[in-house]
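Please read all numbers here as calculations on a predicted model, not as lab measurements. Here is how names work: the chains are called A, B, and so on, in the same order as the sequence lines, proteins then strands, and each is numbered from 1.
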Protein chains: 2
Amino acid sequence: MVETTRRREIEAAASSLFRERGYSGTSVRDMARALDIQGASLYAHVASKQDVLGSIVDRMASRYETAADLALADVAAGPAERLAAIVRAHVAVTTDDIEQASVFVHEWRALSGERRAAIGRRRDAYEHRVRDLIRDGVDQGAFAVVDPALTAAWLLTALNGLVTWYRPDGRIAPETLAETYAELALRSVARQEDPRR
Amino acid sequence: MVETTRRREIEAAASSLFRERGYSGTSVRDMARALDIQGASLYAHVASKQDVLGSIVDRMASRYETAADLALADVAAGPAERLAAIVRAHVAVTTDDIEQASVFVHEWRALSGERRAAIGRRRDAYEHRVRDLIRDGVDQGAFAVVDPALTAAWLLTALNGLVTWYRPDGRIAPETLAETYAELALRSVARQEDPRR
DNA sequence: CCTACCGATCGGTAGG
DNA sequence: CCTACCGATCGGTAGG
């Protein structure tokens, strides 16, 4: 399937429905209705319902990966700056398209076979980058954490939790959110003020 | 519907399926098959598929609420102790039945009408308790946060993220997890080591 | 808890 | 992008 404007419109409409009702809870006819066409007409543009989900999830995975690449590209940056940068990047990708981000976070498991497995591996790799970054910070004495893997899980689930509550028309600007979340991430790895606390 | 042993078995089987495939992705016949009975036979025990989901979600909502009540019952405790207590309680409820906890977190939106609205209100109330606790801590000078509402959202989504990765047979004991998550929660509200950081 | 069955809807195809 | 249609499956009911 070639990438056309219409294809993008279909995926945008589908993302909105998948977010609201889930992939399984959305029928092909629901998707078509949102575009004012017949259910069968959708197949002039997409190979299958899975195909639509796969495109959305694949693209979002790439966006998160590319954003992380750019955030970590500054080799001179220290662990704290790097962690803050990847958090800001993650928040930016999420707020930039909250519906597709939501589908990526919640519906990737609805993919089947090799496609699902491949996304699972990419998600694991992303988590490992965060984990390794935390370990680096600990090794360099910049961070102090109880458990790098647990801290990474805490951090990434908090970040992905954005899709459950963020609204583009809400009171918080994306930039403010990115800064606050970067701050919260740094706190989770910070050396402690006072061991007596 | 009376609460019978069989009913609980049905809900346990359903929770496992709902977690794996989602509520919409699970058919009544899938549920029956897991119990080695016919699809239609399920209706001797439950009124509807929604009824099964509703029972699971309602019970888990009550468990989280009751656990929070107990955690916050000690009126002499300070903000930090209270926050740590509610986090430990939340982790304990989650790890105690990870499948039903997962259904509560991810599938409550599949409920319809008043039932969904009621759960939405209970979830909001729970989040408000955490938010108010953070505000209290700030007012008393025990905490320093950028934004209580954002910090509460960060914290609760990290807690609920447990259902996406926690495995009872994994390397982390529930008690260790509760302690580590309580520590991470405290870090998110802690006064900072050094403003120059 | 079973068999037999219901109308509705599902994802998808044929052929324009 | 349409009409017409496919077999399969959906949640649920009747009547034992």
Side-chain angles (χ1 to χ4, degrees), chain A residues 1-58 103 106-116, chain B residues 1-58 103 106-116:
Chain A
M1 290 281 156
V2 198
E3 251 184 42
T4 58
T5 307
R6 195 55 169 155
R7 173 79 193 216
R8 292 304 184 99
E9 289 169 358
I10 290 168
E11 289 169 15
S15 293
S16 177
L17 290 164
F18 292 171
R19 187 189 192 193
E20 262 180 61
R21 322 178 186 182
Y23 174 77
S24 293
T26 303
S27 74
V28 169
R29 284 161 182 83
D30 288 335
M31 293 160 59
R33 194 176 311 118
L35 297 155
D36 272 314
I37 60 175
Q38 296 299 310
S41 303
L42 216 54
Y43 290 88
H45 305 281
V46 308
S48 64
K49 191 185 163 191
Q50 273 275 314
D51 177 41
V52 177
L53 176 62
S55 292
I56 297 165
V57 170
D58 281 345
V103 172
H106 286 135
E107 304 299 331
W108 71 274
R109 283 167 215 271
L111 291 171
S112 55
E114 178 49 32
R115 208 147 190 191
R116 175 181 160 148
Chain B
M1 289 281 156
V2 198
E3 247 184 48
T4 61
T5 308
R6 196 54 169 155
R7 173 79 193 217
R8 293 302 184 101
E9 289 169 358
I10 290 169
E11 290 169 14
S15 293
S16 177
L17 291 164
F18 292 170
R19 186 188 193 193
E20 263 179 61
R21 320 179 187 181
Y23 174 77
S24 293
T26 303
S27 73
V28 168
R29 282 159 183 85
D30 289 335
M31 293 159 59
R33 195 178 309 117
L35 297 155
D36 272 313
I37 60 176
Q38 295 299 311
S41 303
L42 215 55
Y43 289 88
H45 304 283
V46 308
S48 65
K49 191 185 164 194
Q50 273 273 314
D51 178 41
V52 177
L53 176 62
S55 292
I56 298 164
V57 170
D58 281 344
V103 173
H106 284 136
E107 303 300 330
W108 71 274
R109 283 166 216 270
L111 290 170
S112 54
E114 178 49 31
R115 209 149 189 186
R116 175 180 160 150

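With DNA chain D read from its 5' end, the first of the two nearest nucleotides for Ile37(A) and Arg33(B) is the one closest to Ile37(A). If Arg6(A) and Ser27(B) are placed on DNA chain D by their nearest nucleotide, the residue sitting closer to the 5' end is Arg6(A).
Distances from the side chain of His45(A) to the nucleotides dG12(C), dC1(D), dG12(D) place dC1(D) closest. For Ser41(A), counting side-chain heavy atoms from C-beta on, the closest listed nucleotide (dC1(D), dT3(D), dC2(C)) is dC1(D). Side chain of Tyr43(B), nearest nucleotide from dA4(D), dG11(C), dG12(D): dG12(D).
When rounded to the nearest whole Å, the span between CD of Gln38(A) and C1' of dG16(C) equals 15 Å. Distance Arg29(A) CZ to dC1(D) P: 17 Å, rounded to the nearest Å. Counting to the nearest Å, the C1' atom of dC10(C) and the CG atom of Asp30(B) are 14 Å from each other. For the pair Gln50(B) CD and dC10(D) P, the computed distance is 17 Å after rounding to whole Å. In this structure, CG of Asp36(B) is placed 11 Å from P of dC1(C), rounded to the nearest angstrom. Atom pair Tyr23(A):OH and dC10(C):C1' shows a separation of 12 Å (rounding to whole Å applied). Here the P atom of nucleotide dA14(C) and the CG atom of Leu42(A) are 17 Å apart, to the nearest Å. Here the C1' atom of nucleotide dC1(C) and the CG atom of Leu35(B) are 12 Å apart, to the nearest Å.
Distance alone, capped at 3.5 Å, is enough to place a donor-acceptor pair between the Gln50(A) side chain and the Ala110(A) backbone.
With a cut-off of 3.5 Å on both Watson-Crick or G-U wobble distances, the partner of dG16(C) is given as dC1(D).
The NZ atom of Lys49(B) lies 8.5 Å from the OH atom of Tyr43(B); values are rounded to the nearest 0.5 Å. Interatomic distance, Tyr23(B) OH to Glu107(B) CD, rounded to the nearest 0.5 Å: 9.5 Å.
Remark: Arg7(A) engages Asp51(A) in a salt bridge, criterion side-chain N to carboxylate O under 4.0 Å.
Within 4.0 Å of Thr26(B), counting heavy atoms only, lie sugar-phosphate atoms of the nucleic acid but no base atom.
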- Walk me through it: do Val28(B) and Val52(B) pass the test side chain to side chain contact (heavy atoms under 4.5 Å, CB included)? CA-CA 10 Å; Val28(B) 168; Val52(B) 177; over 6 Å; no
